[in-house]
Number of protein chains: 2
Amino acid sequence: MLSQAEENYLKAILKLSQKNGQSVSTNAIAEELNTKASSVSDMMKKLSEKSWIHYVKYQGVSLTEKGHSFAVHIVRKHRLWEVFLVNHLNFKLDEVHDIAEQLEHIKSLELVNKLDAFLNFPSFDPHGDPIPNEEGEFPKSSAIPFSELPMKSRGKVVAVVMDEPSFLKYLDKLNISIGSQVEIIEVNEFDDSFDVKINDKQSHISFDVAKNILISLL
Amino acid sequence: MLSQAEENYLKAILKLSQKNGQSVSTNAIAEELNTKASSVSDMMKKLSEKSWIHYVKYQGVSLTEKGHSFAVHIVRKHRLWEVFLVNHLNFKLDEVHDIAEQLEHIKSLELVNKLDAFLNFPSFDPHGDPIPNEEGEFPKSSAIPFSELPMKSRGKVVAVVMDEPSFLKYLDKLNISIGSQVEIIEVNEFDDSFDVKINDKQSHISFDVAKNILISLL
DNA sequence: AATAATTTTTAGACTTATCTAAATTAATAT
DNA sequence: ATATTAATTTAGATAAGTCTAAAAATTATT
Ligand SMILES: [Mn+2]
Ligand SMILES: [Mn+2]
Ligand SMILES: [Mn+2]
Ligand SMILES: [Mn+2]
């Protein structure tokens, strides 16, 4: 069974390899985890012996298939807990990361899947990051949060992340429902809100609302 | 900040001193935690230096005030998580302990209190064990689960642990509400169910129902 | 291609938590 | 009161994870 430290290393390697592609350097991992390069070297040797990563001295590391799917599983747990904390315990967006950083290490497959069901199988976390399903598959990339819709492009609402009645009621008021056509007209920098078109009618929505609406590009 | 190991030791000491009163022996702790007496001795020295326990060599240990209230806090977390797992994630009674054993170590006062509120400030966990409040006070002992009402004695329903609509509806059908007079007539060993009187009318309830109804003795 | 700068690894030390085996203290029985 | 037994502590090892400082390898620069 993986230690908490080992899990954090795997997650860091996943994050860095997703960002920069190819193999990940010792220094990059050290920086990501606020530790020293020498500690990373030690750990890489260990993870490599256990076949979680491919490691050639001085050449950087990459995840094995086994390592990759485990790292994805930790990310899944992290993001599901964040959904719980924000949607059900009323935490603010900026308060949940550190707690999820701990909760992601709780070991119980049943717990993860029951939590997933309880949350209604969300596809994105409160920060708009995609949540892999039980099989480790990320939601189809065609669905993105409204808040990340490219300028000028049009999209169709395909899902809603949050299931709070008050939120759904508010969407109703905004005339947003599954299937609505949407488009971002302008981003207001100072509060991250958006001037938008909903079914060709001009409207205005906050970032908090936009990130909870999933769009498929047209 | 306490390590997970230290927290488990404090909790074990609390549990043993609640059961047997007075000071707790090295061997008792070792057995409770499935470890060796020598490991316990080492840890006692450490906890004592940090003022979590009173420790005199060969004389056993007891919690300091600080140690006691911290241990109670861990118990609080453990039991609140158990309520969440059973009432909201549909875990069975026997499946939650090991998971709560991990969750109890998550560090965030805000999390505990928000969870408490989300669960509606329950007084007992799914096993019928009392849950201390934020101040570390256990629910007044006059309230006990129906399932622990002594034979022949009568009691009054003062609270309901579970807040599931389906459960409340079922209580309604059984004619049980706050203030109802209840009495246990007989315990059916093979399924732990009870023959009872509710407002002097004979009825039958399962253990699962009985443990979620809080009684104050008349 | 040789040198300098940077990155990475190794060597050695430290902390936490655990163990086995031996020594010590306390409790019990003669 | 001694001797025996049981409980507890100490001594010495080990494993995980981290660190600093030094050595080695790689990369960049002249
Ligand atoms: Mn973490
Ligand atoms: Mn997130
Ligand atoms: Mn525990
Ligand atoms: Mn319990």
Side-chain angles (χ1 to χ4, degrees), chain A residues 1-13 16-17 19-63 67 70-71 74 101-102 104-107, chain B residues 1-13 16-17 19-63 67 70-71 74 101-102 104-107:
Chain A
M1 213 182 26
L2 282 160
S3 72
Q4 199 153 313
E6 290 171 321
E7 291 188 350
N8 283 334
Y9 275 95
L10 288 185
K11 199 177 57 146
I13 296 168
L16 293 167
S17 58
K19 193 158 54 186
N20 310 318
Q22 15 124 2
S23 87
V24 178
S25 78
T26 301
N27 270 351
I29 297 169
E31 185 171 4
E32 173 71 24
L33 293 177
N34 288 304
T35 183
K36 295 294 147 85
S38 56
S39 306
V40 176
S41 280
D42 283 350
M43 186 59 97
M44 293 309 102
K45 219 176 297 169
K46 222 170 45 173
L47 289 175
S48 166
E49 252 154 44
K50 298 183 185 171
S51 300
W52 296 105
I53 59 173
H54 298 295
Y55 172 48
V56 184
K57 269 191 209 172
Y58 295 100
Q59 304 306 147
V61 299
S62 63
L63 294 166
F70 198 92
I74 301 166
E101 203 60 41
Q102 301 175 59
E104 71 189 2
H105 301 291
I106 303 293
K107 282 166 181 63
Chain B
M1 212 181 25
L2 283 159
S3 71
Q4 199 153 313
E6 290 171 322
E7 290 188 352
N8 283 335
Y9 275 96
L10 288 186
K11 199 177 56 146
I13 296 168
L16 293 167
S17 58
K19 193 158 55 188
N20 310 318
Q22 15 122 2
S23 86
V24 178
S25 76
T26 301
N27 269 350
I29 298 168
E31 185 170 3
E32 173 71 24
L33 294 177
N34 288 305
T35 182
K36 294 294 147 86
S38 57
S39 305
V40 176
S41 280
D42 283 350
M43 186 59 99
M44 294 308 103
K45 219 176 298 171
K46 222 171 46 173
L47 290 175
S48 166
E49 252 154 44
K50 298 183 185 171
S51 300
W52 296 104
I53 60 172
H54 299 294
Y55 172 50
V56 184
K57 270 192 209 172
Y58 296 101
Q59 304 305 147
V61 299
S62 62
L63 294 167
F70 199 92
I74 301 165
E101 201 61 41
Q102 301 175 59
E104 72 190 1
H105 301 290
I106 302 292
K107 283 168 180 62

Open item on the list: At 4.0 Å (heavy atoms only), tell me whether Ala37(B) reaches a base, stays on the sugar-phosphate, or touches nothing.
Closed with: base
Task: side chain to side chain contact (heavy atoms under 4.5 Å, CB included) between Ile13(A) and Met44(A), worked out - done: CA-CA 10 Å; Ile13(A) 296 168; Met44(A) 293 309 102; 4.1 Å; yes
Open item on the list: Please enumerate all residues that pass side-chain contact (heavy atoms from CB on, under 4.5 Å) together with Ser51(B), with sequence neighbours excluded.
Closed with: Lys66(B)
Task: Asp42(B) CG - dC19(C) P separation (whole Å) - done: 10 Å
Task: Separation of dT18(D) C1' from Asn34(A) CG (nearest whole Å) - done: 14 Å
TODO: Establish, with yes or no, whether the OP1 or OP2 oxygen of dT8(D) is under 4.0 angstrom from a side-chain nitrogen or oxygen of Asn27(B).
DONE: yes
Open item on the list: Quick check on dT9(D): is either OP1 or OP2 less than 4.0 Å from any side-chain nitrogen or oxygen of Ser41(B)?
Closed with: yes
Task: Phosphate-side-chain proximity, Thr35(A) and dT18(D), N/O vs OP1/OP2 below 4.0 Å - done: no
TODO: Tell me, please, which residues at least two apart from Ser3(B) pass side-chain hydrogen bond (donor to acceptor under 3.5 Å, both in side chains).
DONE: Glu6(B)
Open item on the list: Please report the distance, rounded to the nearest Å, between CG in Leu47(B) and P in dT18(C).
Closed with: 11 Å
Are any protein N/O atoms closer than 3.5 Å to N/O atoms in nucleotides 21-27 of chain C? If there are, list each pair with its distance.
unit_1: dT24(C); atom_1: O2; unit_2: Tyr58(B); atom_2: OH; d: 3.4
unit_1: dT25(C); atom_1: O4'; unit_2: Tyr58(B); atom_2: OH; d: 3.4

TODO: Calculate the interatomic distance between Lys36(B) atom NZ and dT16(C) atom P; express it in whole Å.
DONE: 23 Å
Task: Spacing of Glu49(B) atom CD relative to dT9(D) atom P, expressed in whole Å - done: 14 Å
Task: Ser48(A): partners by side-chain contact (heavy atoms from CB on, under 4.5 Å), with sequence neighbours left out - done: Ile53(A), Tyr55(A)
Open item on the list: The criterion is side-chain hydrogen bond (donor to acceptor under 3.5 Å, both in side chains); which residues satisfy it with Lys107(A), sequence neighbours excluded?
Closed with: Glu7(A)
- [ ] Using the test side-chain contact (heavy atoms from CB on, under 4.5 Å), find all partners of Thr35(B) that sit at least two apart in sequence or belong to another chain.
- [x] Tyr9(B), Ala30(B), Leu33(B), Ser39(B), Val40(B)
- [ ] For Glu6(A) and dA15(D), give me the distance from atom CD to atom P, rounded to whole Å.
- [x] 15 Å
Task: Side-chain N or O of Tyr9(A) closer than 4.0 Å to phosphate OP1/OP2 of dA16(D) - done: no
Open item on the list: Under a 4.0 Å threshold between the charged nitrogen and the carboxylate oxygen, would Glu31(A) count as salt-bridged to Lys36(A)?
Closed with: no
TODO: Respond yes when some side-chain nitrogen or oxygen of Thr26(A) is under 4.0 Å from OP1 or OP2 of dT7(C), and no when none is.
DONE: no
Open item on the list: Measure CD/Glu7(B) against C1'/dT16(C) and give the value in whole Å, please.
Closed with: 15 Å
- [ ] Grab the CE-P distance between Met43(B) and dT10(D) for me, whole Å please.
- [x] 16 Å
TODO: Tell me whether the OP1 or OP2 atom of dT9(D) has a side-chain N or O from Lys45(B) closer than 4.0 Å.
DONE: no
TODO: For Ser39(B) and for Ser3(A), locate the closest nucleotide of DNA chain D by heavy-atom distance; then report the residue assigned to the nucleotide nearer the 5' terminus.
DONE: Ser39(B)
